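One structure below.
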2 protein chains.
Amino acid sequence: MEDGTFQSLGYCANTGVDDDVIQWDQRADCEVRQILDRIADKWSLLVISLLDKRSLRFTELRRAIDGISQRMLSRTLRHLERDGLVKRIVYPTVPPRVDYELTPMGATLHSTIHALVLWTEEHQNAIAAARAAYDERIAAEQEEVFGRPATAGYSGASPGRP
Amino acid sequence: MEDGTFQSLGYCANTGVDDDVIQWDQRADCEVRQILDRIADKWSLLVISLLDKRSLRFTELRRAIDGISQRMLSRTLRHLERDGLVKRIVYPTVPPRVDYELTPMGATLHSTIHALVLWTEEHQNAIAAARAAYDERIAAEQEEVFGRPATAGYSGASPGRP
DNA sequence: CGGTATCCCCTAAGATACTG
DNA sequence: CAGTATCTTAGGGGATACCG
């Protein structure tokens, strides 16, 4: 085993629900966090979405995702398998063949995830615009602080270390 | 600046959509990844869900989340603000007061996220069961490797490595 | 109060190499 | 082909101290 099964989840002790602000945020977060972190990690989404179309072999997945390393694909698949989202089917043929497919539960997750993906696709332009606006606003505020950067006069008084 | 605005997103170059497997996985992933990574990071979800109920001040958020550090709350809020999901309102009063509230876009994101949270809550038992089953199966396979298979007794040779 | 700047640790992800 | 084992590194995230 390379890494532990659990990592952080330290603040999960349901500190006090008296506060009217807290609802599922703290409580459900204990379980939601780890599951969300798992399915929303760098690769799981990709794998799930690919497998939703049809079952795939290890190498097919690797080539389809292409940025992924063997290591991460392997780990991701094992995680998904452990969570019951993906089924691993081994054919004991001479060149080994392993197929991966979504379980029914995995398929339901895909639907939910897809909604999130759609949201992202629908709003990515708005987000990009918001980012641009924000960056510009910040840059403008920097101008005020430094004085007019007529020639981008950056007085390099390195604040370095004391 | 402590950290760059972009980090990875290296494999985004839309390698080749000829493959029938790829659809939004690679293309949309370029945008989806960064946005998903943002909203699924350790704290953003909490903040969004809290703000969905009503606008809150910095300290209110800090106390509501309670496990969060100033640093991370500040960073999280700035990220969300930059993405246009959260609005920051500064009151120039003598003790400074800053309110945060969801933008309309942030509210729509919350709805989508909520669906995912609901999925998680609905399936957490199934996932826990799947994990237990998986772990048990793996343990059984370990037996085969280390001791004698199922027929004979369980040679309790601790399989653990030092 | 509402932040930012610094330091530091720890782990998750990448690269590489080896095996059944 | 389908993985594991090992090494290394970037950066996420906490603690602390200080500024407007």
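This is a predicted model, so every value here is computed, not measured. Lettering follows sequence order; numbering is per chain, from 1.
In this structure, A:R57 and A:V98 have side chains that are not in contact, with every pair of non-hydrogen atoms separated by 4.5 Å or more. The side-chain heavy atoms of B:M72 and B:K42, taken from C-beta on, include no pair separated by under 4.5 Å. Between B:E60 and B:R54, the closest side-chain pair of non-hydrogen atoms falls below 4.5 Å. Residues B:I35 and B:D83 form no side-chain contact, since every pair of their non-hydrogen atoms from C-beta on lies 4.5 Å or further apart.
Side chain of A:M72, nearest nucleotide from D:dG14, D:dA2, C:dA13: C:dA13. For B:R97, counting side-chain heavy atoms from C-beta on, the closest listed nucleotide (D:dT4, D:dA2, C:dG2) is C:dG2.
As a whole-Å value, the separation of B:I89 CD1 from C:dC1 C1' is 17 Å. The CD-C1' distance, from A:E60 to D:dG3, rounds to 16 Å in whole Å. Spacing between atom CD1 of B:I68 and atom P of D:dG13 amounts to 10 Å, rounded to whole angstrom units. Computed from coordinates, the B:F58 CZ to D:dG20 P distance equals 17 Å when rounded to whole Å. Note: CG (B:D41) to P (C:dT11) measures 19 Å, nearest angstrom. The distance between atom CZ of A:R38 and atom C1' of C:dA12, rounded to the nearest whole Å, is 11 Å. Atom pair A:R63:CZ and D:dC1:C1' shows a separation of 11 Å (rounding to whole Å applied). Here D:dC1 presents its C1' atom at 14 Å from CG of A:L77, a figure rounded to the nearest Å.
Of the charged side-chain nitrogens involved, none lies within less than 4.0 Å of a carboxylate oxygen, so that B:K53 and B:E101 do not count as a salt-bridged pair. Salt bridge present: A:R97 and A:D99 bring a charged side-chain N and a carboxylate O closer than 4.0 Å. With respect to the salt-bridge test (charged N to carboxylate O, under 4.0 angstrom), the residues B:R131 and B:E136 do not qualify.
In this structure, NE2 in A:H110 is found 11.5 Å from CD1 in A:I39, a value given to the nearest 0.5 Å. We find the OH-NE2 distance between A:Y134 and B:H79 to be 9.0 Å, quoted to the nearest 0.5 Å.
Using a 4.0 Å heavy-atom distance criterion, A:R57 is classed as a sugar-phosphate-only contact. Using a 4.0 Å heavy-atom cutoff across all strands shown, A:Y91 reaches no nucleic acid atom at all.
Between B:S74 and C:dG3 there is no side-chain polar atom (N or O) within less than 4.0 angstrom of OP1 or OP2. Contact check, A:R78 against D:dG3: no side-chain N or O comes under 4.0 Å of OP1 or OP2. Taking side-chain N and O atoms only, B:R62 has no distance below 4.0 Å to OP1 or OP2 of C:dG2. The shortest distance between the side-chain N/O atoms of A:T59 and the OP1/OP2 oxygens of D:dA2 is below 4.0 Å. Taking only side-chain nitrogens and oxygens, A:W43 never comes nearer than 4.0 Å to OP1 or OP2 of C:dA12. A close approach under 4.0 Å does occur between a side-chain nitrogen or oxygen of A:Y100 and OP1 or OP2 of D:dG3.
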Base, backbone or nothing for each nucleotide of nucleotides 15-20 of chain C, written B, S, -, heavy atoms under 4.0 angstrom, 5' to 3'? B-B--B
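Qualifying side-chain contact (heavy atoms from CB on, under 4.5 Å) partners for B:D41, counting only residues two or more places apart in sequence or in other chains: B:S44.
For the helix from C:dC1-D:dG20 to C:dG20-D:dC1, the rotation axes defined at the first and last 5 base pairs enclose an angle of 40°, given to the nearest 10°.
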